[in-house]
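Numbering starts at 1 and runs along the sequence shown.
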Amino acid sequence: MALSPGDSPGFLLWHATLRWQRDIATALAPLDLTHVQFVLLACTWWLNTQGEHPNQLTLARQAGTDVKMTSQVLRTLEHKGLIEREVDPADTRAKRLRATDTGAELAPRAIAAVERVDARFFQPVPLDDAVALLGRLAHPES
């Protein structure tokens with residue numbers, strides 16, 4: 001027998017995800033970033049702070065995004081002056097990614113805005129519990 005919507009974990013997750021995505025979009029709108037633009041900028045910036053200059057494939061893996069979609073969004077971020085793509089000296093077919101000064105200034109502000117949304121959204125659940133559950137759902141093979 002099928003579960004009623006209020007008893008279906010998948011249906012509840014769907015609604016929770018929609019609410020969370022709306023809250024994130026609202027927080028990022030004043031920064032002129034979509035959610036996926038934010039994720040790719042933040043991942044690029046973070047990897048750069050770790051001394052890495054990822055290529056598009058490395059970034060897509062880090063972010064969990066489709067490689068072709070990643071390329072399209074990176075083009076937009078490049079047009080906005082937030083990232084630069086440089087030829088990789090080790091592989092001239094690959095482009096290494098670097099947040100520009102503008103992107104490096106925007107990324108931590110955007111991360112802070114998203115973290116404020118997350119803090120409000122997940123407030124009803126102890127942080128360790130939320131991280132443990134979501135980690136298991138995101139990486140069931142771990």
Near R61 CZ, under 6.0 Å, is it more than 12 heavy atoms from other residues, nucleotides or ligands?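 It does not: R61 CZ has 12 such atoms or fewer within range.
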Tell me whether D129 at atom CG has more than 12 heavy atoms from other residues, nucleotides or ligands lying less than 6.0 Å away.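 Counting neighbours around CG of D129, more than 12 heavy atoms of other residues, nucleotides or ligands fall under 6.0 Å, so yes.
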Which atom names give the shortest non-hydrogen contact between [X] and [Y], and what distance separates them?
X: G81; Y: T102; result: O-CB, 3.9 Å
X: Q56; Y: R85; result: OE1-NH1, 3.9 Å
X: L47; Y: P54; result: CD1-CG, 3.7 Å
X: C43; Y: L59; result: CB-CD1, 3.5 Å
X: A110; Y: L33; result: CB-CD1, 3.9 Å
X: A104; Y: P108; result: O-CD, 3.0 Å

Result block: side-chain N/O donor-acceptor pairs under 3.5 angstrom for residues 63-73, not counting sequence neighbours:
residue	atom	partner	partner atom	Å
T65	OG1	T70	OG1	2.6
D66	OD2	K68	N	3.1
D66	OD2	M69	N	3.0
T70	OG1	D66	O	2.7

Quick check: does any side chain N or O of N48 sit under 3.5 Å from a backbone N or O of E52, one acting as donor and the other as acceptor?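 Yes; judged by distance alone, with no hydrogens or angles, the pair exists.
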Between T44 and R98, is there a donor-acceptor pair closer than 3.5 Å when you use the side chain of the first and the backbone of the second?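 Not at all, since once roles are kept as given, no pair shorter than 3.5 Å links the two residues.
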Applying side chain to side chain contact (heavy atoms under 4.5 Å, CB included), can you list everything that pairs with D7, at least two apart in sequence or on another chain?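 D7: side chain to side chain contact (heavy atoms under 4.5 Å, CB included) contacts with L3, S4.
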Compare all side-chain heavy atoms of E84 with those of L97 and state whether any distance is below 4.5 angstrom.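 No, every pair of side-chain atoms sits at 4.5 Å or beyond.
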Side chain to side chain donor-acceptor pair (under 3.5 Å): which pairs involve residues 31-42, sequence neighbours left out?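 The answer is Q37-K80.
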Run through the side-chain heavy atoms of Ile, Leu, Val, Met, Phe, Trp and Tyr, join any pair under 4.5 Å, and report what else lands in V131's cluster.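 So far as hydrophobic clustering goes, V131 is joined with L127.
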Qualifying ring pair (Phe, Tyr, Trp, His ring centres under 6.0 Å) pairs with a residue from residues 39-79, counting only residues at least two apart or across chains: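 Pairs touching residues 39-79 that pass the test: none.
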Side chain to side chain donor-acceptor pair (under 3.5 Å) between T26 and D23, intermediate numbers included: CA-CA 5 Å; T26 299; D23 293 350; 5.6 Å; no
Side-chain donor-acceptor pairs under 3.5 Å in residues 114-123, sequence neighbours left out?
residue	atom	partner	partner atom	Å
D118	OD1	W20	NE1	2.8

[X] side, atom [atom1]; [Y] side, atom [atom2] - distance, nearest 0.5 Å:
X: L106; Y: I111; atom1: CG; atom2: CD1; value: 9.5 Å
X: L137; Y: L13; atom1: CG; atom2: CG; value: 7.5 Å
X: L82; Y: F38; atom1: CG; atom2: CZ; value: 13.0 Å
X: R96; Y: T58; atom1: CZ; atom2: OG1; value: 11.0 Å

For Q21 and L18, what are the C-alpha separation, side-chain angles and deciding distance, and is it a side chain to side chain contact (heavy atoms under 4.5 Å, CB included)? CA-CA 5 Å; Q21 288 175 333; L18 289 174; 4.1 Å; yes
